[in-house]
Amino acid sequence: QVQLVESGGGLVQAGGSLRLSCAASGRTFSNYVVGWFRQAPGKEREFVGGVSRSGSTTYYTDSVKGRFTISRDNAKNSVYLQMNSLKPEDTAVYYCAARRVVIVPTTRSQYDIWGQGTQVTVSS
């Protein structure tokens, strides 16, 4: 069973950048698609983007397209979320999630492995 640990969150000014990492344990990480989600206070957890098992295909929600980039390095059992041009509305706890499937799911209920989350705060 794969386990996930996020890191890289913090406080940044609007317009700044952060890079989140999602480190996985287990030898079969390359068999899992990975999604990034975020949850702001009082709001539902929402899909931010996802990456295929090989890393060749990525998906993004409209609000982050052109600003966020997902990549993965299966040799390092890691997935990354590069966030540029950050806005105060990007403030949330960010989670990575994984599932052993081919197609990248876009809803929370379709993932069965979650990290503990990392806080991202963007000040105006």
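In this chain, residues are counted from 1 in sequence order.
- By the neighbour-count criterion of 12 heavy atoms within 6.0 Å, atom CD of Gln3 is sparsely surrounded, having that number or fewer from other residues, nucleotides or ligands.
- At least one donor-acceptor pair closer than 3.5 Å links the side chain of Glu6 to the backbone N or O of Cys96.
- Asn77 contributes a side-chain N or O that, together with a main-chain N or O of Gly26, makes up a donor-acceptor pair within less than 3.5 Å.
- The closest donor-acceptor contact from the side chain of Tyr60 to the backbone of Val48 lies at 3.5 Å or more, if one exists at all.
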*Just do the side-chain contact (heavy atoms from CB on, under 4.5 Å) check on Thr91 and Gln119 with the steps written out, would you?*
CA-CA 8 Å; Thr91 295; Gln119 176 71 47; 4.0 Å; yes
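- For the pair Ser21 (side chain) and Tyr80 (backbone), a donor-acceptor distance under 3.5 Å is absent.
- Residue Arg19 holds its CZ atom at 6.5 Å from CD of Gln82, rounded to the nearest 0.5 Å.
- A donor-acceptor contact shorter than 3.5 Å links the side chain of Ser52 to the backbone of Thr57.
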*asked:* Evaluate Val104 against Tyr111 for side-chain contact (heavy atoms from CB on, under 4.5 Å), listing each step before the verdict.
replied: CA-CA 10 Å; Val104 177; Tyr111 288 87; 3.6 Å; yes
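- Under the 30°/60° scheme for interplanar angles, the aromatic rings of Tyr95 and Trp114 are found to stand perpendicular.
- Counting only distance, with no hydrogens or angles, the side chain of Thr118 and the backbone of Gly9 share a donor-acceptor pair below 3.5 Å.
- The cluster map of Ile, Leu, Val, Met, Phe, Trp and Tyr, joined by side-chain heavy atoms under 4.5 Å apart, puts Val120 and Leu4 in the same cluster.
- For the pair Arg72 and Phe29, the cation-pi test (distance below 6.0 Å, angle within 45°) is passed.
- Residues Ser78 and Ala23 come closest through the heavy atom pair OG-CA, 4.1 Å.
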*asked:* Go through it in stages, so that I can follow the logic: the residues are Val122 and Gln13, the test is side-chain contact (heavy atoms from CB on, under 4.5 Å), and I'd like the CA-CA distance, side-chain angles, deciding distance and then a yes or no.
replied: CA-CA 5 Å; Val122 184; Gln13 289 188 332; over 6 Å; no
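- Note: Leu81 CG to Phe68 CZ = 6.0 Å, rounded to the nearest 0.5 Å.
- Distance check: Ser123 OG to Leu86 CG gives 10.0 Å after rounding to the nearest 0.5 Å.
- Arg38 pairs by the salt bridge (Lys or Arg N to Asp or Glu O under 4.0 Å) definition with Glu46, Asp90, not counting sequence neighbours.
- The backbone N or O of Ser85 lies less than 3.5 Å from a partner atom in the side chain of Arg67, making a donor-acceptor pair.
- Two residues are said to be in side-chain contact when any heavy atoms from C-beta on lie closer than 4.5 Å; Val79 and Trp36 meet this criterion.
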*Please step through side-chain contact (heavy atoms from CB on, under 4.5 Å) for the pair Val12 and Thr121, ending with a clear verdict.*
CA-CA 6 Å; Val12 64; Thr121 303; over 6 Å; no
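- Between atom OH of residue Tyr94 and atom CD of residue Gln39 there is a gap of 12.0 Å, rounded to the nearest 0.5 Å.
- Residue Ile103 qualifies as open at atom CD1: its count of foreign heavy atoms under 6.0 Å is 12 or below.
- Cation-pi geometry between Arg99 and Tyr32 is not met: the NZ or CZ atom fails to fall both under 6.0 Å from the ring centre and inside 45° of the normal.
- In the hydrophobic cluster analysis, where Ile, Leu, Val, Met, Phe, Trp and Tyr join through side-chain heavy atoms closer than 4.5 angstrom, Phe37 is grouped together with Val93.
- Defined by atom type and a distance below 3.5 Å, a donor-acceptor pair is present between the side-chain atoms of Ser17 and Asn84.
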*Apply ring pair (Phe, Tyr, Trp, His ring centres under 6.0 Å) to Phe47 and Tyr59, showing your working.*
CA-CA 10 Å; Phe47 178 76; Tyr59 305 87; 7.7 Å; no
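- Proximity of a side-chain donor or acceptor of Ser56 to a complementary backbone N or O of Ser54 within less than 3.5 Å is not detected.
- Separation of atoms OG1 (Thr69) and CE (Met83) is listed at 11.0 Å; rounding is to 0.5 Å.
- Remark: the backbone N or O of Arg53 is paired with a side-chain donor or acceptor of Asn74 at under 3.5 angstrom.
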